[in-house]
Amino acid sequence: MMIKPLRKAVFPVGGLGTRFLPATKAMPKEMLPVVDRPLIQYAVDEALEAGIEQMIFVTGRGKSAIEDHFDIAYELEATMRERGKSMELLHQTRLKPGAVTYVRQQEPMGLGHAIWCARDIVGDEPFAIFLADELMAGTPGCMKQMVDAYQQIGGNIVCGYEVPDDETDRYGIVEPGIENGALVEVRGLVEKPRRGTAPSNLMIPGRYILQPEVMQVLETQEKGAGGEIQLTDAMAQLIGRQPFHAWRFDGERHDCGDKAGYIQANLAFALQREDIGPQVGAFARKLFGNHPAPREAVQLVDEVITVQLRA
Ligand code: UTP
């Protein structure tokens, strides 16, 4: 079997981000920062680390801040240069000319529909998908782990991440088959299964490597859960026709599309930073120390902070 190299990534950023209103009224959710980097930057950095060269953004109205972020900020840079300020912090926002493509999804009809909008740019090649509101913290990064597996077995690979029973109804869930190390054979996929019907606890946290044939399936894909065109339903139709695996991610997932997850990501990332970690850690300790929570909870938080600070 010839395994085609993975060169392209699709970043669907056309969603409405209603869970973050009013912050996301005039600003894309993907531009929310975790410490000092917007979510979309973490995702693009993860793609670059995995050797991906071509970034395809599926945007919508009101998302132009993302385009500007990956462009030259002429005035800012000229002024900074004049004042002798270092440009180092802007380095990661520079992509090679021609390495970014934008396509608009006119209406947010679902993730499957967003991906399908990129079909002509993806062409006849395997491609990765990143949902930037899922911040995947790992060494190596999540997509790099998946690409290493892809280079061995090819086909379709989705990321897999264990969640508690009472959360499976929020996500795309894997029906697992034979397991080989971190690789899990995918026998079935279901989007937002009703409570008590999930085939496992293995959810798909927004990282995929897919073969281009999924675009043909999406062409005629009917609406699924939530009245949206679901990527999960289209992927499910590839099972049996092409190899399909899940990769158990070795690392931490932060659901930054959710307010609590977003705050937790900021805390975890801040604590790991040399420049602000000690200060934030001291503040968190003081805050939790004053909090009328049970002593065990305070102790637990304290342990977590200690571990994060050490990391
Ligand atoms: P979500 O459902 O998490 O994002 O979609 P949302 O709709 O933006 O947020 P809420 O639920 O209203 O707060 C997962 C990903 O798919 C993209 C989103 O931008 C997000 O990255 N998406 C979703 C699209 O690009 N188009 C769509 O039609 C739907």
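Start at 1 and go down the list; that is how both ligands and their atoms are numbered.
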Tell me whether Val186 shares a hydrophobic cluster with Val163, the cluster being built from Ile, Leu, Val, Met, Phe, Trp, Tyr side chains joined at under 4.5 Å. no
According to a hydrophobic-cluster definition based on side-chain heavy atoms being under 4.5 Å apart (Ile, Leu, Val, Met, Phe, Trp, Tyr only), do Tyr102 and Leu48 belong together? yes
Side chain, backbone, both or neither: which part of [X] has a heavy atom under 4.0 Å from ligand 1?
| X | value |
| --- | --- |
| Ala114 | side chain |
| Thr18 | both |
| His113 | neither |
| Lys29 | side chain |
| Asp133 | side chain |

Protein contact of [atom] - nearest heavy atom, named by residue and atom, plus distance:
| atom | value |
| --- | --- |
| atom 28 (O) of ligand 1 | Gly110 N, 2.7 Å |
| atom 21 (O) of ligand 1 | Pro12 O, 3.1 Å |
| atom 8 (O) of ligand 1 | Gly17 N, 2.9 Å |
| atom 19 (O) of ligand 1 | Gly15 N, 2.9 Å |
| atom 14 (C) of ligand 1 | Leu131 CD1, 4.0 Å |
| atom 25 (O) of ligand 1 | Gly14 N, 2.9 Å |
| atom 3 (O) of ligand 1 | Arg19 NH2, 3.1 Å |

Does Asp258 come within less than 4.0 Å of Arg170, counting only side-chain N to carboxylate O? no
Salt bridge present between Glu175 and Arg187 (N-O < 4.0 angstrom): no
Please answer whether the main-chain N or O of Arg19 pairs with a side-chain N or O of Lys259 as donor and acceptor at a distance below 3.5 Å. yes
Plane angle bin for Phe130 and Phe11 - parallel if under 30°, tilted between 30 and 60°, otherwise perpendicular: parallel
Would you call the rings of Phe249 and Tyr161 parallel, tilted or perpendicular, taking 30° and 60° as the class edges? tilted
I'd like to check whether Gly257 has a polar contact with ligand 1, where a contact means an N/O of the residue lying under 3.5 Å from an N/O of the ligand. no
Look at atom 5 (O) of ligand 1 and say whether a protein heavy atom is found at less than 4.0 angstrom from it. no
For ligand 1, which atoms sit closer than 4.0 Å to a heavy atom of [X]?
| X | value |
| --- | --- |
| Gln105 | 24 (C), 25 (O), 26 (N), 27 (C), 28 (O) |
| Glu30 | 19 (O), 21 (O) |
| Leu16 | 6 (P), 7 (O), 8 (O) |
| Leu111 | 16 (O), 29 (C) |

CD on Glu162 to OG1 on Thr168, rounded to 0.5 Å: 11.0 Å
Is it the case that the side chains of His113 and Gln105 hold a donor-acceptor pair, with the cut-off being a distance below 3.5 Å and no angle test? yes
Looking only at the side chains, is there a donor atom on one of Asp45 and Gln92 sitting less than 3.5 Å from an acceptor on the other? yes
How close do Ala225 and Gln230 get, counting heavy atoms only, and between which atoms? O-NE2, 2.8 Å
